[in-house]
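What follows is a single structure, written as structure tokens, with notes after it.
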Amino acid sequence: MDERYMAEQVEREAQRFWEQAQSFRATEDSSRPKFYCLSMFPYPSGRLHMGHVRNYTLGDVISRCRRMQGFNVLQPMGWDAFGLPAENAAVQNGVAPAQWTYANISYMRDQLKRLGFAYDWSREIATCRPEYYRWEQWFFTRLYRKGLAYRATAPVNWCPKDQTVLANEQVIDGRCWRCDTVVERREIPQWFLRITQYADELLADLSNLPGWPERVATMQKNWIGRSEGVEIRFEVNGYGPLTVFTTRPDTLMGVTYLAVAAEHPLATAATAGRAELLRFRDECRLSQTAEAAFETMEKRGVDTGLRATHPLTGAELPVYAANFVLMSYGEGAVMAVPAHDERDFAFARRYALPVSPVIMPLDFAGDPEALVTDAAYTGPGRMVNSGAFTGLPSEEARARITEVLERKGVGTRRVHFRLRDWGVSRQRYWGTPIPMIHCPHCGIVPVPDRDLPVRLPEDVVITQSASPLKGRPDFLHATCPDCGGPAERETDTFDTFMESSWYYARYCAQDNDHAMLDARVGHWLPVDQYIGGIEHAILHLLYARFFNKLLRDEGLVSGGEPFVRLLTQGMVLKDGSKMSKSKGNTVDPQALIDQYGADTARLFMMFAAPPEQSLEWNDEAVAGAHRFLKRLWALAKSIEGLPKPATKTASADHTAVRGQIHILVDQAVRDYERYHFNTVVAACMSVVNLLQKLLEEPASESSVGLLREGLSFVLRLLAPIVPHITHVLWGTLGLGDGAVIDAPWPEVDPAALRQDVVRLVVQVNGKRRGEIVVPVHSDTAEIEERALRDEAVSRSLEGKSVTKVVVVPGRLINIVAATTTTTLP
RNA sequence: GCCCGAGUGGCGAAAUAGGUAGACGCAAGGGACUUAAAAUCCCUCGGUCGUAAGGCUGUGCCGGUUCGAGUCCGGCCUCGGGCACCA
């Protein structure tokens with residue numbers, strides 16, 4: 001054993017052992033309970049960043065811990081390899097996206113291996129490989145035949161100068177990031193998946209996910225946004241019926257105008273001879289597609305000149321084209337009630353439209369008009385100015401008005417979702433080709449199974465941000481599978497969320513080249529523990545849940561949910577904000593590994609903060625983590641030479657220390673189950689501190705026994721976190737027969753935890769005044785008497801009379817006392 | 001704009017079910033060892049008053065519940081994250 005801790009050497013030795021023993025190769029062995037632990041696979045951006053190191057260390061700690069507990073663990077790794085950065089890099093450096101991506105994968109794989117993660121590398125996946133995406137194409141054609149995939153138009157950001165579609169991140173202040181041209185919104189035909197058909201199930205199943213953080217479930221719930229309401233048909237003069245959706249039928253009597261999206265057919269119909277309306281529609285085309293931009297922009301509109309009739313009062317209402325109404329949500333038209341809706345209110349004030357209150361809060365007695373002079377009232381209350389409904393509570397009016405509308409045949413109860421169908425088309429090169437053929441005779445025809453995969457050509461030169469696929473005759477030209485005539489291939493590719501929606505299942509059948517999935521998914525799925533960033537709380541996790549249900553309905557998997565338990569790790573911060581290239585505050589993990597080794601990197605990540613919280617980067621604290629490993633090494637070194645004691649039990653003079661150690665170990669074992677790895681490390685540090693003190697005593701059979709017992713605990717507890725150093729020290733000290741990863745998980749000795757006396761804090765009126773030591777099984781009266789006898793306690797009770805005594809067993813005793821002296825002024 | 005989350009020493013944090021606030025570590029200050037430095041080890045370390053014993057005060061702010069609140073409830077403030085073409 002080396003005098004000093006030399007991380008690189010230690011880590012090489014441990015990794016060679018795991019490699020030779022094939023320690024992490026997972027087989028479908030049913031003799032042990034399975035545990036599928038999955039970390040979100042990375043985008044191969046070039047180098048690992050701190051977020052990856054944190055994510056993958058967490059997954060590895062959980063995997064290794066479960067393995068030691070006797071589970072048959074599967075922990076795979078792969079690459080989310082399609083995406084925009086590869087194209088940007090290609091434009092910048094003149095390297096083909098494929099070449100760039102494969103080089104990145106190769107470098108990052110080495111980094112992961114250097115960190116000692118217990119992956120089954122034989123199951124590695126790269127989503128840009130045809131062996132992977134062919135099954136996605138295959139599955140998509142199944143969905144198309146079932147009617148779950150369809151084509152419709154949807155808005156995109158369009159740069160008129162570059163003649164290309166831009167991602168939201170490529171639009172900066174409404175302009176193209178490359179040429180600074182003002183970006184337009186354009187409607188183009190795209191492919192969609194009918195996720196809305198699964199909206200109810202996706203919502204309902206959230207309550208079957210107790211292993212998910214509450215907040216992720218809440219975010220998804222809000223995202224799905226189920227709302228119950230009524231569709232109301234307004235008759236519009238010279239246009240016909242206009243359907244609006246509202247969740248507030250109780251406010252119907254307060255409607256003072258209607259608003260439709262600028263691209264609504266009604267608005268188009270009304271543009272004839274109205275230049276202002278045309279101009280407005282063109283302006284709206286310039287607005288961005290992101291919700292944040294949409295919600296914060298100024299609410300504006302133009303009168304279409306058309307007039308609608310109120311279905312109950314017969315009143316004439318103006319119809320506006322407005323920029324705050326989305327064509328893609330609901331009916332693309334709303335009824336506006338400025339008195340009871342903030343947005344309608346702001347709009348009405350701007351265009352001097354009437355505000356007519358119909359609901360008053362119960363505690364409001366004044367003039368209803370006065371209620372809504374400054375802002376809308378959005379709460380419940382009693383109906384006013386509402387004809388037959390006046391005087392009713394608004395909740396009741398909601399039902400009554402709905403009934404009346406239904407009876408008159410102008411209203412229908414409906415459930416709407418905020419969730420929209422998933423647009424999966426991307427007008428980009430570096431993605432999975434959408435397996436569809438456009439035939440001039442037969443229309444859209446899916447590529448037959450025998451012609452899959454539709455391969456993405458990798459030998460391309462990207463000069464513009466536009467997709468090179470349109471300019472490749474070898475890709476573009478196809479033969480129609482139905483009529484055999486000349487046809488064209490679809491040049492759009494899939495949203496990369498498609499690949500990441502089913503990779504967790506493919507790991508189980510990674511080598512199958514004649515089916516998407518096979519019986520092995522039945523052995524491993526669902527994923528027992530999924531770990532990734534909170535930034536994926538909605539989209540990725542919702543799409544993956546959706547895909548799991550699609551796979552189930554195709555008979556490919558059996559369960560309804562893919563991830564039993566979810567851990568969302570916090571971000572890695574530097575100087576209080578997220579590490580990012582644009583902020584220039586990144587720290588390269590490679591430098592950390594080179595200087596201190598993988599174990600220090602892993603230890604720091606686990607110790608600095610609990611998993612769910614953000615983690616503040618700190619160079620000095622990293623050095624501190626390294627220092628602990630050196631102390632651990634030195635401690636083991638000093639025990640190495642001591643003769644092994646014959647008996648394991650500590651003698652009487654060590655029962656107190658042994659008790660303390662067992663309490664700490666007990667704590668650490670329970671903290672593992674809570675995933676509080678930072679306090680596991682803290683407990684291990686405390687044990688090491690105790691053992692170091694013990695080492696100062698002259699060595700005895702008892703002290704050496706306890707040193708070996710304590711170290712055996714610490715090494716096993718730390719093995720999942722710092723696997724290399726613990727592997728080597730475990731072997732050197734001969735603490736078990738095999739390697740530490742095969743050692744049994746620590747169990748404390750209940751006898752060591754038993755205590756004869758207990759320390760109780762004594763409070764007077766809730767303030768700490770003293771401390772007493774009493775036998776463990778003392779009764780309340782005994783404790784009370786001892787507490788009152790305590791000197792400090794009796795001093796603070798002078799001039800007071802005890803009114804009540806609260807005894808919390810094993811914890812404290814609180815004496816409640818009132819001042820008896822009444823002579824105070 | 002909407003949704004979600006977080007605020008505890010100089011810093012990262014701990015406090016499991018409402019019961020000793022600050023475990024563990026970092027930084028800082030003092031000391032030991034050394035020709036010197038590095039490394040290592042020992043001591044101090046929320047604020048404040050006090051020579052000390054000890055007291056007062058303290059978990060973003062205001063209020064409430066309770067014998068007792070960092071923890072529960074109501075109302076604010078600040079910061080961070082997500083918002084459908086970044087992944």
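Chain letters run A, B, ... following the sequence lines, proteins first, then strands; residues in each count from 1.
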| query | If you take atom types as modelled and just measure distance, does the side chain of A:R631 reach the base of B:rU40 with a donor-acceptor pair under 3.5 Å? | reply | no
| request: Determine the interplanar angle of the A:H540 and A:Y530 rings, folded into 0 to 90°, and report it as parallel if under 30°, tilted if 30 to 60°, perpendicular if over 60°. | output: tilted
| message | Does A:R670 reach a base, just sugar-phosphate, or nothing at all? Heavy atoms under 4.0 Å. | response | base
| note | Residues at least two apart in sequence or cross-chain that pass ring pair (Phe, Tyr, Trp, His ring centres under 6.0 Å) with A:H49, listed by chain then number, are A:H52
| Could you give the CZ-to-P distance, from A:F628 to B:rA39, as a whole number of Å? | 19 Å
| note | As its Watson-Crick or G-U partner within any shown strand, both distances under 3.5 Å, B:rC67 has B:rG19
| task | Using the C1' atom on both, measure B:rC33 against B:rA39 and round to a whole Å. | result | 11 Å
| request: Any side-chain hydrogen bond (donor to acceptor under 3.5 Å, both in side chains) involving residues 617-627 of chain A? Give me the pairs, sequence neighbours left out, ordered by first then second residue. | output: A:T600-A:H626, A:W617-A:D619
| request: Go through the steps for A:R670 and A:D666 under the test salt bridge (charged side-chain N to carboxylate O under 4.0 Å, His left out), then give the verdict. | output: CA-CA 6 Å; A:R670 275 183 293 151; A:D666 185 49; 3.0 Å; yes
| On RNA chain B, nearest-nucleotide positions of A:V806 versus A:R627: which is more 5'? | A:R627
| message | Taking B:rC83 as the reference, what is the distance to B:rC76 when you measure between their P atoms (whole Å, please)? | response | 27 Å
| What distance, rounded to whole Å, do you find between the two P atoms, one in B:rA84 and one in B:rA17? | 37 Å
| task | Classify the angle between the aromatic ring planes of A:F497 and A:H536 as parallel (below 30°), tilted (30 to 60°) or perpendicular (above 60°). | result | perpendicular
| field | Paired nucleotide for B:rU40 [Watson-Crick or G-U wobble; both distances under 3.5 Å] | value | B:rA32
| field | Any N/O donor-acceptor pair, A:Q667 side-chain to B:rU16 base, under 3.5 Å | value | yes
| message | Students often get this wrong, so: under 4.0 angstrom with heavy atoms, is A:V816 touching a base, only sugar-phosphate, or nothing? | response | sugar-phosphate
| Can the ring centres of A:Y596 and A:F604 be said to be less than 6.0 Å apart? | no
| said: Roughly how many Å apart are B:rG5 and B:rU57, using the C1' atom of each and rounding to a whole number? | reply: 31 Å
| query | B:rC26 P sits how many Å from A:E620 CD, rounded? | reply | 11 Å
| Is A:K767 near enough to B:rU57 that one of its side-chain N or O atoms lies under 4.0 angstrom from OP1 or OP2? | yes
| task | Round to a whole Å and report the spacing from CE of A:M297 to P of B:rC2. | result | 15 Å
| task | For nucleotides B:rU59 and B:rG46, find the distance between their P atoms and express it as a whole number of Å. | result | 16 Å
| message | Less than 6.0 angstrom from the centroid, inside 45 degrees of the normal: does A:R418 satisfy that with respect to the ring of A:W223? | response | yes
| message | With hydrogens left out and only the distance checked, is there a donor-acceptor pair under 3.5 Å joining A:N222's side chain and the base of B:rC3? | response | no
| message | Could you tell me the Watson-Crick or G-U partner of B:rC24, where both distances fall under 3.5 Å? Say none if there is no partner. | response | B:rG12
| query | Between A:M685 and A:F628, is a side-chain contact (heavy atoms from CB on, under 4.5 Å) present by the stated rule, with each step listed? | reply | CA-CA 8 Å; A:M685 285 174 167; A:F628 171 69; 3.6 Å; yes
| said: Using whole Å, what does the distance between atom P of nucleotide B:rU16 and atom CG of A:D666 come to? | reply: 14 Å
| Under a 3.5 Å cut-off for both distances, is B:rC85 Watson-Crick or wobble paired, and to whom? | none
| Between B:rC67 atom C1' and A:E784 atom CD, what is the distance in whole Å? | 13 Å
| message | How about CD on A:E673, more than 12 heavy atoms from neighbouring residues, nucleotides or ligands closer than 6.0 Å, or not? | response | yes
Could you run down the sub-3.5 Å N/O contacts of the protein with nucleotides 69-74 of chain B?
none

| note | Between CD of A:Q692 and P of B:rU40 the distance, given in whole Å, is 12 Å
| task | Looking only at side-chain atoms of A:N689, point me to the closest of B:rG25, B:rU40, B:rG19. | result | B:rG25
| Whether A:F41 and A:Y503 hold their rings parallel, tilted or perpendicular, with breakpoints at 30° and 60° | parallel
| request: Identify whether the glycosidic angle of B:rG9 places it syn (within 90° of 0) or anti. | output: syn
| task | Quick one: sort the A:Y543 and A:W422 rings into parallel, tilted or perpendicular, breaks at 30° and 60°. | result | parallel
| How would nucleotides 78-87 of chain B be written as a contact map, 5' to 3', with B for base contact, S for sugar-phosphate-only contact and - for no contact, using protein heavy atoms under 4.0 Å? | --SSSBBBSB
| request: Inspect the contact between A:E214 and A:K221 and indicate whether a charged nitrogen and a carboxylate oxygen are less than 4.0 angstrom apart. | output: no
| Watson-Crick or G-U counterpart of B:rU59, or none if no pair lies under 3.5 Å | none
| field | Protein-nucleotide distance (A:Y596, atom OH; B:rC26, atom P), rounded to Å | value | 12 Å
| task | With a 3.5 angstrom cut-off on both distances, give the Watson-Crick or G-U wobble partner of B:rG7, or none if there isn't one. | result | B:rC77
| request: Not counting sequence neighbours, which residues clear salt bridge (Lys or Arg N to Asp or Glu O under 4.0 Å) with A:R194? List them please. | output: none
| said: Treating primed atoms plus P, OP1 and OP2 as sugar-phosphate and everything else as base, which nucleotides of nucleotides 6-15 of chain B get B, S or - for protein heavy atoms under 4.0 Å? | reply: ------BSSS
| field | Ionic contact status for A:K574 with A:E616, cut-off 4.0 Å | value | no
| task | Taking atom P in both B:rU78 and B:rC85, compute the distance separating them and give it to the nearest angstrom. | result | 32 Å
| query | Whole-Å distance between B:rG18 P and A:I813 CD1? | reply | 22 Å
